[in-house]
Amino acid sequence: MSDGQDRQDGGAPLEIEVEGLRKTFGRREVLKGLSFGVPRGGFLSIFGPNGAGKTTTLRVLATLLTASAGTVKVAGHDVREDPMPVRRAIGLISHNAMLYPDLTAQENLRFYADMYGLTDADERISDLLERLELSARRYDVVRTYSKGMRQRLAIARAVLHRPRVLLLDEPHSGLDPRAVDILDGLLAEIRDEHTFVMVTHNIAKGLEWGTKLMIIEGGRIAYEHAAGVDHDAFSAVYREHVHDGSVL
Amino acid sequence: MTVEEGARYVAAVYAVIMAVLVAYYIISSRRVSALQRDVQLLEEETRRRQAQATEAGAE
Amino acid sequence: MKKLVSAPALFVGAGVLLVIGALLAFWYAPIDASSMGFSQKIFYYHAPIAAAAIAAFGVAFVAAIVYLRTQDLLWDRLGYVSVRIGLLFSILVMITGMIWGKAAWGVWWAWEPRLTTFLLACFLYAAYWVLRSVVDEEQRRATYAAVFAVVAFVDVPITFFATRFLPEGLHPVVVGPGGGGMEGSVALSFAVCLVGMLLLMAALIRRDVEIELIKDRVTDLKTSLGG
Amino acid sequence: MGGWAQFKAIVRKDLIRELRTRDMLVSMILFVILAMIIFHYAFTVEEGSDLTWFTGGMLWVTFIFAMLLGLNRSFAQEKDERCLDGLLLCPVDRVTIFLAKTAGNLVFLLIIQAVAVPVFALFFIERSFLGDLLPFLVVLLLADLGICSLGTLLATISMNTRSRDLLLPILFLPLIVPVLIAATGATTLIFAEGTGFGSLAMRMLFLLGFDAVFLVAAWGTYDFAIGE
C-alpha cells in the first residue's frame with residue numbers, strides 16, 4: 001500500500017520478482033515468458049506436469065541456470081548481474097540431499113558453514129543438529145544415515161546460513177510418511193523465518209502451505225490464484241489446465 | 001627422379017587432392033539442395049495443418 | 001552473419017586462383033636448385049593446405065569464444081564445421097607431408113616438429129569430435145565443445161614449441177630467417193596458391209554452416225509437426 | 001569475502017574424504033608400482049640392460065596414467081550425490097572451486113610421487129641423484145601443476161558426459177604431450193647425467209609457461225565448464 005510494488009498480495013514488498021523470464025536450452029524454449037512475484041514471508045506453491053518448466057524456474061531462482069531473457073530479482077538482487085548476494089540469500093531443499101556421504105554430519109555442515117563464511121558456525125551447527133534431533137549421530141558418517149535422517153540433515157544444510165528465501169524442489173517426493181511428518185513439522189517451525197517457493201506434485205501439501213498458487217504448463221503460467229482454494233476445486237482447475245493426466 | 005617424372009608425380013598428387021576437395025564441395029552442395037527440399041515439404045505440411053486447425057476452430 | 005559472400009562465389013574465386021596458382025607454380029616458378037628438384041613443387045600446395053588447416057582451427061577458436069560470450073548456437077555450428085574442415089585439411093597436410101618427406105628425406109614418416117604437431121592436432125580435434133558425440137543436451141554440448149576448442153587451439157603452438165626440445169628437425173625453413181627470402185616469382189606463385197586455398201577453405205566452411213542451419217530448421221519443423 | 005577460506009574448505013573436505021576412504025590413493029599407488037614392474041620386463045631386452053635413458057619416460061607415463069585414474073574419481077562423488085549443486089549454490093567464485101580442486105589433485109599426485117619416486121630410484125637408477133634432488137623437485141612441481149590444472153578442467157567437462165572415464169584420456173592425453181616432452185627430457189637428463197639448473201632452464205621455463213597459459217585458460221572458461 002505504501003509503495004508501488006504491491007499487487008494483490010497486500011503490503012509486503014516483493015522478495016522475489018520475475019519479469020518476462022525466458023529460458024532456452026539450445027533451440028528448445030522451456031520457459032516462455034513467466035512473470036510473477038512473491039512478497040516477503042509469502043509461500044508460493046508451483047504445480048504442473050513433468051517437463052512444464054517448474055524445476056527450471058526454480059533453478060533459475062537458485063542461480064544454477066541463467067535466464068535467456070527477462071529479469072529475475074531475489075532479495076533485491078538481480079540473479080544474473082549480481083549472483084553472489086542472491087546465493088547468500090537462498091537455500092535449496094530438493095530430493096537430492098547434496099551431502100557428502102563419506103563425511104560426518106558435523107563435517108558436512110562445517111564445510112558449508114565455511115563456504116558461506118559463517119562467523120558463529122559452531123553454535124549454529126550445534127543448535128540446528130539439536131533442533132533436528134541429529135545431535136546423537138553428529139559424528140557419524142552420512143553414508144550410515146537413513147533416508148529420513150539425510151533429509152533432515154539436508155534441511156539443516158539448506159537453512160544453515162539463515163537464508164531469506166527457501167526454495168523447495170519436490171521436497172516430499174521419495175519420503176516415507178514418518179519423514180513427511182518430520183519435514184512438515186520443520187516447515188511449520190521455520191515458516192515465519194523465510195519466504196518460500198515450493199515446486200511440487202503433491203496438491204494437498206501445496207494447498208496446505210501456499211499463500212499463492214500457480215500452475216505452469218508448457219513454459220507459461222496457466223493459472224495463478226491467492227490461497228484459499230479447496231482441494232476439489234483446485235483439482236478441477238488443475239485438470240482443466242493440464243491435460244496429460246499426470247499424478248495428482 | 002628426372003624432372004619429367006617429378007612433374008608427373010607432383011601434378012598427379014595435386015590433382016588428386018583437388019579432386020577430393022571439389023568432390024567434397026559438390027557432395028555438400030547436393031546435400032544443401034536435398035535439405036532445402038525437405039524444408040519446403042515440411043513447411044507446406046505445417047501450413048496445411050495450420051489451415052486445418054483454423055478451419056476446425058471456425059466451425 | 002556470413003551473408004556477405006555466397007559459397008559458390010567463394011568456390012569459383014578459389015577455383016580461379018588455384019588454377020592460376022598451379023600454372024604459375026608449375027611453369028613460372030623456377031625449379032628448385034637444391035636436391036629436391038621438381039618435387040619441391042609440393043611446397044606450393046603442401047604449405048597452403050597447412051595454412052588453411054590452421055586458419056580453420058583459428059576460425060573454430062574465435063567462434064568458440066564468441067559462442068561462450070553470446071550463447072548463440074550459430075557460432076557453435078560455425079565452430080563445429082570449422083573443426084571438421086580443419087581436420088579434412090590436416091589429413092591432407094599429413095598426406096602431402098609424407099610425400100614431401102619421401103621426396104626430400106627419403107622416408108615416409110619423420111618425427112619432425114611440424115609433422116608431429118599436425119598429427120597431435122588431428123588427435124586433439126578428433127577428441128573434440130568424440131566430445132560432441134557424448135553430450136546429449138544441445139547447449140551443454142556447445143559449451144563443452146567451445147571450452148575444449150579454446151584449450152586445444154592454445155595447446156597446438158605449445159606442442160610445436162615443445163617438439164623443439166627433441167633433436168633437430170628436418171623441415172626446410174623456406175620462409176623466414178635462415179632460409180633466405182623467396183625469389184619474386186616463387187613468392188608470387190606461392191601467394192596465389194595460398195589465397196586460393198584459404199578461399200576454398202572459406203567456401204567449404206560457408207557451405208557446411210549452411211547445411212547445419214538447414215538441418216536445424218528441419219529438426220525444428222519436424223518437432224513442431226510431431227508435437 | 002573469504003575466497004581463501006572457501007578454498008581451504010574445499011581442499012580440506014576432499015582430503016578428509018580421501019583419507020577416510022583411501023579408495024583413490026591406494027589404487028593409484030598400486031597402479032604406479034605395478035606399472036614400474038611391467039616397464040622393467042617390457043624394456044629389458046637382455047640381462048642387465050641399461051634403462052637409464054628410459055627413466056624419464058617411464059616415470060612420467062606412469063604419473064600421467066595414475067593421474068587419469070585419480071581425476072575420474074575426484075568428480076565422481078560430486079556428481080553422484082549431486083553435491084556439485086550444493087557447491088554451486090554457495091556464494092563462491094567458480095575459479096575458487098577450480099583452484100581448490102586443482103590443489104586437491106596436486107596433493108594426491110604428490111603423495112603418489114612421494115611413494116613412487118624412491119621405489120623407482122631403487123629399481124632403475126644406479127647412480128645416486130641426491131645431489132640433483134632440487135632441480136628434480138622443481139621439474140616435478142612444475143609438471144604436476146600443469147597436469148593437475150589441465151586435468152581438473154577436463155575432468156569437470158568429462159564428468160557431465162555420457163562416457164565419463166572413457167572420454168577423459170582422449171581429451172587429456174593429446175593436450176598433455178608438451179608437458180610430457182619437457183618433463184621427460186628434463187628428468188632423464190637429471191637421472192642419467194646429473195645436470196644442474198643450467199641445461200634444464202629452458203625446459204623449466206617452458207613448463208612454467210605451460211602452467212601459466214592453462215591456468216589462465218581455465219580461469220576464463222571454468223565458469224562454463226562447471227555451470228549449467
Side-chain angles (χ1 to χ4, degrees), chain C residues 57 61 64-71 75-76 79 87 90 111 113 116-167 169, chain D residues 56 98 143 146 149-151 153-154 156-186 188-189 199-200 202-207 209-228:
Chain C
F57 293 140
F61 173 72
I65 289 176
V66 178
Y67 171 76
L68 289 178
R69 294 183 150 262
T70 62
Q71 303 283 306
W75 295 97
D76 173 62
L87 261 175
S90 294
W111 288 99
T116 316
T117 307
F118 260 104
L119 180 65
L120 271 162
C122 282
F123 277 100
L124 269 177
Y125 286 100
Y128 171 95
W129 202 283
V130 177
L131 172 63
R132 288 189 77 98
S133 72
V134 294
V135 187
D136 295 323
E137 210 260 291
E138 189 153 30
Q139 193 157 9
R140 185 170 280 208
R141 170 169 61 220
T143 304
Y144 290 174
V147 170
F148 189 73
V150 169
V151 175
F153 190 70
V154 169
D155 195 73
V156 170
I158 294 180
T159 305
F160 179 65
F161 190 62
T163 54
R164 289 295 166 98
F165 288 130
L166 297 176
Chain D
F98 167 73
S149 59
L150 186 58
L153 175 65
L154 296 175
T156 308
I157 290 179
S158 68
M159 73 165 165
N160 277 316
T161 63
R162 252 189 292 121
S163 60
R164 287 192 193 181
D165 31 5
L166 230 64
L167 182 66
L168 187 59
I170 296 177
L171 300 183
F172 183 64
L173 291 178
L175 285 168
I176 207 67
V177 166
V179 170
L180 184 79
I181 293 175
T184 301
T188 305
L189 281 178
S199 56
L200 299 173
M202 270 310 286
R203 289 183 170 87
M204 286 178 180
L205 263 178
F206 174 82
L207 287 172
F210 183 95
D211 297 350
V213 165
F214 280 97
L215 282 172
V216 170
W219 194 288
T221 55
Y222 201 67
D223 231 356
F224 303 106
I226 201 168
E228 307 247 334

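All chains are named by letter (A, B, ...) in the order of the sequence lines, taking the proteins before the strands, and each is independently numbered beginning at 1.
Neither the backbone nor the side chain of D:L166 comes within contact range of chain C; no heavy atom of the residue lies under 4.5 Å from a heavy atom of that chain. Using a 4.5 Å cut-off between heavy atoms, D:L154 contacts chain C through its side chain alone, with no backbone atom that close. With a threshold of 4.5 angstrom between heavy atoms, D:L175 approaches chain C through its backbone and through its side chain. Contacts between D:F214 and chain C at a heavy-atom distance below 4.5 Å involve the side chain alone, from C-beta outward. Both the backbone and the side chain of C:T159 have a heavy atom closer than 4.5 Å to some heavy atom of chain D. Neither the backbone nor the side chain of D:L173 comes within contact range of chain C; no heavy atoms are under 4.5 Å apart.
For residues 119-129 of chain C, heavy-atom neighbours of chain D at less than 4.5 Å comprise C:L120, C:F123, C:L124, C:A127, sorted by residue number.
Taking 4.5 Å as the limit, some side-chain heavy atom of C:V151 sits within range of a side-chain heavy atom of D:L150.
The line from CG of D:L171 to CZ of C:F148 is 4.5 Å long, rounded to the nearest 0.5 Å. Atoms CZ and CD, from D:F224 and C:Q139 in turn, are 11.0 Å apart once rounded to the nearest 0.5 Å.
If you tally non-hydrogen atom pairs under 4.5 Å between each of C:V156, C:T143, C:I65 and chain D, the highest count goes to C:T143. Of the listed residues C:V154, C:V150, C:I158, the one with more heavy-atom pairs under 4.5 angstrom with chain D than any other is C:I158. Ranked by heavy-atom pairs under 4.5 Å with chain C, the first of D:A217, D:A218, D:S163, D:P174 is D:P174. Of the listed residues D:L153, D:L180, D:T156, D:I157, the one with more heavy-atom pairs under 4.5 angstrom with chain C than any other is D:I157.
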> Could you walk me through whether C:V135 and D:N160 pass the side chain to side chain contact (heavy atoms under 4.5 Å, CB included) check?
Replying inline: CA-CA 8 Å; C:V135 187; D:N160 277 316; over 6 Å; no
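When all heavy atoms of C:Y144 and D:A225 are compared, the pair lying nearest together is CE2-O, 3.5 Å.
For the pair C:R140 (side chain) and D:T161 (backbone), a donor-acceptor distance under 3.5 Å is absent.
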